[in-house]
Amino acid sequence: MNDVATSRLTICRADYGNPDHASAIVGLLDAYARDAAGGGEPLSAFAKTHLVQALAARPQAFSVLAFDGAQPVGLVNCIEGFSTFACRPLVNVHDVAVLPSHRGQRVAGQMLALAESIARERGACKMTLEVLQGNRSALRLYERVGFAAYQLDPAMGQAQFLQKWLVT
């Protein structure tokens with residue numbers, strides 16, 4: 001399963017060598033970065049120039065795009081990692097972006113369904129993602145499509161996502 005089409009919406013695996021897809025990835029990720037849920041700052045010139053080439057150079061990366069006709073309206077970027085406990089790949093959903101004009105239309109759910117299909121093709125044991133606590137609509141979406149907070153033993157609580165910047 002590589003493409004899903006509904007009335008006007010087309011969901012597809014991005015081809016990093018396709019200039020239209022490359023432009024869509026950069027434009028949608030920049031729009032997401034400018035949104036409060038994405039940090040409120042535009043992508044750097046470096047990221048805009050090198051993002052698609054850097055993704056294409058990593059066989060563990062894949063992206064899913066949503067188009068309304070010819071207009072790109074949604075993006076999911078995924079990076080394959082590895083679960084040592086399962087000794088199998090896992091797929092981290094690194095970015096989920098839908099333009100404001102298309103939010104509430106289940107675009108993200110359709111993109112995540114294709115991402116899940118690709119993850120299953122890769123033999124992944126699970127998908128992971130992080131979401132800001134205040135992004136209630138995203139939390140509802142992720143729960144609706146089967147994501148849940150990560151925990152091993154309820155007595156130890158839920159996992160927290162932490163970061164340490166190495167470059168700024």
Side-chain angles (χ1 to χ4, degrees), residues 1-6 8-35 37-84 86-103 106-132 135 138 141-142 145 147 161 163-168:
M1 172 181 194
N2 286 327
D3 294 351
V4 176
T6 60
R8 329 176 308 239
L9 198 63
T10 301
I11 309 295
C12 65
R13 182 174 180 164
D15 174 356
Y16 296 135
N18 178 323
D20 292 333
H21 287 197
S23 176
I25 290 166
V26 173
L28 289 163
L29 192 62
D30 185 54
Y32 174 49
R34 292 170 186 265
D35 190 272
E41 297 287 330
L43 290 181
S44 69
F46 177 84
K48 288 178 183 177
T49 301
H50 298 286
L51 176 65
V52 176
Q53 178 184 357
L55 287 169
R58 288 165 172 75
Q60 69 274 27
F62 67 90
S63 301
V64 173
L65 288 166
F67 290 90
D68 184 348
Q71 179 192 4
V73 297
L75 168 68
V76 170
N77 285 320
C78 298
I79 309 290
E80 182 180 305
F82 187 75
S83 169
T84 55
C87 192
R88 293 181 59 182
L90 62 81
V91 170
N92 178 256
V93 178
H94 197 69
D95 305 298
V96 177
V98 176
L99 293 182
S101 61
H102 285 72
R103 291 181 186 157
R106 307 240 167 166
V107 174
Q110 292 178 62
M111 291 188 300
L112 288 169
L114 181 53
E116 180 178 331
S117 177
I118 295 166
R120 288 181 185 279
E121 288 172 11
R122 289 172 170 244
C125 63
K126 67 180 177 178
M127 295 174 71
T128 62
L129 57 77
E130 59 268 1
V131 60
L132 296 173
N135 194 343
L141 159 70
Y142 300 143
V145 300
F147 286 87
F161 181 74
Q163 71 177 3
K164 177 181 179 181
W165 284 102
L166 302 177
V167 287
T168 56

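Here, residue 1 is the first one in the sequence, and each next residue gets the next number.
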Problem set entry | Separation of T128 OG1 from F147 CZ (nearest 0.5 Å) | 7.5 Å
Exercise. Are side-chain heavy atoms of R34 and E41 found at a separation under 4.5 Å?
Worked result: no
Seminar exercise, completed: Taking every heavy atom of A57 against every heavy atom of P59, the minimum-distance pair comes out as O-CD, 3.5 Å
Exercise. Distance-only, no hydrogens or angles: does the T49 side chain make a donor-acceptor pair with backbone N or O of A45 under 3.5 Å?
Worked result: yes
Exercise. Are any of the side-chain heavy atoms of D95 and L29 separated by less than 4.5 Å?
Worked result: yes
Problem set entry | Sub-4.5 Å side-chain heavy-atom contact between D30 and K48 | yes
For this session: Starting from the C-alpha separation in whole Å, work towards a yes-or-no answer on side chain to side chain contact (heavy atoms under 4.5 Å, CB included) for Y142 and V96.
Result: CA-CA 10 Å; Y142 300 143; V96 177; 3.5 Å; yes
Problem set entry | Side chain proximity check, Y32 to L75, heavy atoms < 4.5 angstrom | no
For this session: Could you check if a side-chain atom of L28 sits within less than 4.5 angstrom of a side-chain atom of L65, using non-hydrogen atoms only?
Result: yes
Problem set entry | Side-chain touch M111/V98, heavy atoms, less than 4.5 angstrom | yes
For this session: Take Y16 and H21 through the test side chain to side chain contact (heavy atoms under 4.5 Å, CB included) and record every step on the way to the result.
Result: CA-CA 6 Å; Y16 296 135; H21 287 197; over 6 Å; no
Exercise. Does E80 pair with R122 as a salt bridge, N-O distance under 4.0 Å?
Worked result: yes
Exercise. Should F82 and Q60 be marked as a side chain to side chain contact (heavy atoms under 4.5 Å, CB included) after you check the CA-CA gap, both sets of side-chain angles, and the distance that decides it?
Worked result: CA-CA 10 Å; F82 187 75; Q60 69 274 27; over 6 Å; no
Exercise. So N92 and E130, side chain to side chain contact (heavy atoms under 4.5 Å, CB included) or not? Walk me through it.
Worked result: CA-CA 9 Å; N92 178 256; E130 59 268 1; 3.7 Å; yes
For this session: State, yes or no, whether a side-chain contact exists between L112 and V64 at a heavy-atom distance under 4.5 Å.
Result: no
Seminar exercise, completed: In this structure, NE2 of H50 is separated from CG of L43 (nearest 0.5 Å) by 12.5 Å
Exercise. For R103, does the CZ atom sit with more than 12 other heavy atoms under 6.0 Å from it, leaving out its own atoms?
Worked result: yes
Exercise. If you round to the nearest 0.5 Å, how far is CD1 of I79 from CG of L55?
Worked result: 6.0 Å
For this session: State the CZ-CD distance between R58 and Q53, to the nearest 0.5 angstrom.
Result: 10.0 Å
Exercise. Do L51 and F46 have side chains that get closer than 4.5 Å, going by heavy atoms?
Worked result: no
Exercise. For H94, does the NE2 atom sit with more than 12 other heavy atoms under 6.0 Å from it, leaving out its own atoms?
Worked result: no
Seminar exercise, completed: Rounded to the nearest 0.5 Å, the CG atom of L90 sits from the SG atom of C78 at a distance of 11.0 Å
Exercise. Are H102 and F67 an aromatic pair by the rule of ring centers under 6.0 Å?
Worked result: no
